[in-house]
Amino acid sequence: MVMQHPDGSSTPVDTPLIDASVHIFSKSNKDLRSFMREPFKSRGFPDYEMDWYGAPGGEYAPETERDRMYPGSDPDFVGRQLFSERGVDVAVLHPMTRGVMPDRHLGTAIAAAHNELMVTRWLDDNPYADRFRGTIRVNPDDITGALREIAKYADHPRVVQIAVPLQSRELYGKPQYWPLWEAAVEANLPVAVHIEVGAGVQYAPTPSGVPRTYENYVSFMALNYLYHLMNLIVEGVFERMPTLKFVWADGAADMMTPFMWRMDCFGRPHLEQTPWAPRMPSDYLPGHTYFVQGAMDGPGDVDYAGEWLSFTGKDDMVMYGSSYPHWQLNDLKVPAAYSDEQREKLCWRNAAELYGIDVGASMSAQ
């Protein structure tokens, strides 16, 4: 592993590194359709970049781009960049789909195609397969189809989580989603929630409606996890499912502490209103809540960074993620104020425990 410092210098560090957020794509829409069947194979659906808020400087880090195919679509190329050049030991793959489609059956077909592509091309048949772990995509608007995908891949040895879009049409604590979360618990798979690409039909991405610029969008979008998390707590989902785990894969862990303080302050005198969730709201965080920490999270390399990470138990919740191959692709920058234990938890320990990854075995296979 190589640690980057604020002055631009870097230092080799003898510690494992799990990248918990590597985004993968099909080579093209035509390539994705080769994993689909009729009547959906010939249906129209958005391309990856047909979203409303493209990054002004380009969607992808320049070094990840290749001719005539999307970055993050070639397992050999990605494997070399992650494992040989970036010092990663294990990478958790997250296929990027199109968000919530107007036709729930089409949405499920798109998710299923991404799952088949990931498993056959990335997890089963390439030189780096033993160092990749996979995320299967499910459609929260089609519970029956989502349960079918979980059943299909739950026993695959390299599938470590399921994923749904952050942009939904309802909050994820609501009862219509409970069968999906129960299936995740039964399969012993965490649920990752990630900002989706494409043009779905979800609600407005910010509390104040549809933003005008990319800057406005990217500043607020990740905070939608707060609505889901607070709803999961007050609906009693974690009380009902004590082993359910959610991974908020677009960061913003730094925003959780002040909101949870407020939620506890209000919740303390009003717990009788939620008898199905009788504990303090913050009591439901440990063991249920995880974050992928990226380039935009936290106060930076300041002397109170370690103290801030420890508030609300965040140091047990964060996992490093590069967001490869997107523009915010980040090298690991660990604030100097982090303790050795906090650094280990961020770099690999939290992810290894959550996903059941034997990092020692992965490193010995290199």
Side-chain angles (χ1 to χ4, degrees), residues 1 3 13 15-21 89-90 92 94 133 135 160-161 163 181 184-185 188-194 222-223 225-226 228-230 232-233 237-239 241-264 267 277 279-302 304-322 330 332-360:
M1 181 187 103
M3 187 182 302
V13 179
T15 189
L17 181 62
I18 296 176
D19 188 336
S21 184
D89 294 295
V90 177
V92 180
H94 198 119
R133 299 296 184 272
T135 303
V160 296
Q161 68 185 354
W181 313 147
V185 168
N188 195 29
L189 295 173
V191 179
V193 187
H194 199 290
L223 297 181
Y225 86 83
L226 287 163
H228 290 303
L229 176 59
M230 292 177 175
L232 286 160
I233 291 171
V237 176
F238 295 136
E239 183 76 25
M241 305 174 206
T243 60
L244 177 63
K245 298 174 174 62
F246 267 78
V247 177
W248 309 104
D250 286 286
D254 51 338
M255 295 301 298
M256 181 182 69
T257 292
F259 279 92
M260 289 309 303
W261 283 344
R262 295 175 68 89
M263 195 175 184
D264 276 357
R279 292 186 282 161
M280 290 291 290
S282 60
D283 289 346
Y284 291 104
L285 298 177
H288 293 295
T289 302
Y290 299 83
F291 295 88
V292 173
Q293 182 151 314
M296 294 181 283
D297 300 324
D301 193 21
V302 296
Y304 57 84
E307 183 181 16
W308 180 249
L309 187 67
S310 69
F311 287 159
T312 334
K314 295 190 294 293
D315 42 10
D316 291 322
M317 302 176 190
V318 294
M319 304 179 291
Y320 165 70
S322 67
N330 68 95
L332 182 61
K333 297 180 176 66
V334 180
Y338 278 17
S339 68
D340 290 343
E341 183 180 16
Q342 287 177 322
R343 185 185 71 185
E344 280 196 354
K345 287 179 176 181
L346 173 64
C347 291
W348 67 275
R349 192 176 297 280
N350 287 343
E353 291 177 357
L354 175 65
Y355 296 126
I357 298 173
D358 185 345
V359 177

Of all heavy-atom pairs linking G287 and K245, the shortest is O-CG, 3.3 Å
If I take atom CG from residue D254 and atom CZ from residue F311, how far apart are they, to the nearest 0.5 angstrom? 13.0 Å
Closest non-hydrogen atom pair between F291 and G251, with its separation: CD2-O, 3.6 Å
When you measure from the side chain of Y225 to the backbone of A252, do you find a donor-acceptor pair of N or O atoms at a distance under 3.5 Å? yes
Interatomic distance, CH2@W261 vs CE@M256, rounded to 0.5 Å, equals 10.5 Å
If only atom types and distance count, is the side chain of D250 paired as donor or acceptor with the main-chain N or O of A222 below 3.5 Å? no
Heavy-atom nearest pair, V247 first then P190, reads CG2-CB, 4.2 Å
Looking at H288 and P242, what are the two nearest heavy atoms and their distance? CE1-O, 2.9 Å
Spell out, as yes or no, whether a donor-acceptor pair under 3.5 Å connects the side chain of N350 to the backbone of M319. no
Counterpart residues, side chain to side chain donor-acceptor pair (under 3.5 Å), relative to D297 (two or more places apart): none
Value for OH (Y355) from CZ (R133), rounded to nearest 0.5 Å, stands at 12.0 Å
Counterpart residues, side chain to side chain donor-acceptor pair (under 3.5 Å), relative to T257 (two or more places apart): T312, K314
Tell me if a side-chain donor or acceptor on D89 pairs with a main-chain N or O of I18 at a distance below 3.5 Å. no
Closest heavy-atom pair and its distance - T135, A163: CG2-CB, 3.4 Å
How would you list, by chain and number, every residue that makes a salt bridge (Lys or Arg N to Asp or Glu O under 4.0 Å) with R279, sequence neighbours excluded? E239
For Q342 and S339, indicate whether the former's side chain and the latter's backbone hold a donor-acceptor pair under 3.5 Å. yes
For W348, enumerate each residue passing the side chain to side chain donor-acceptor pair (under 3.5 Å) test, keeping only those at least two apart in sequence or located in another chain. T15
Considering residues at least two apart in sequence or located in another chain, which fulfil the ring-ring contact (aromatic ring centres under 6.0 Å, His included) criterion with F246? W181, W248
Mind checking what makes side chain to side chain donor-acceptor pair (under 3.5 Å) contact with T289, not counting sequence neighbours? none
I need the L285 CG to M263 CE distance, nearest 0.5 Å. 9.0 Å
Point-to-point distance, once rounded to the nearest 0.5 Å, from CE of M317 to CG of L354: 12.5 Å
Side chain to side chain contact (heavy atoms under 4.5 Å, CB included) partner of D316, the single match among E353, R349, K345: K345
C347 and V334 have their tightest heavy-atom pair at SG-CG2, 4.4 Å
Assess whether side chain to side chain contact (heavy atoms under 4.5 Å, CB included) is satisfied between I233 and M260, documenting all intermediate values. CA-CA 11 Å; I233 291 171; M260 289 309 303; 4.1 Å; yes
To the closest 0.5 Å, what do you measure between CG (D315) and CZ (R343)? 14.5 Å
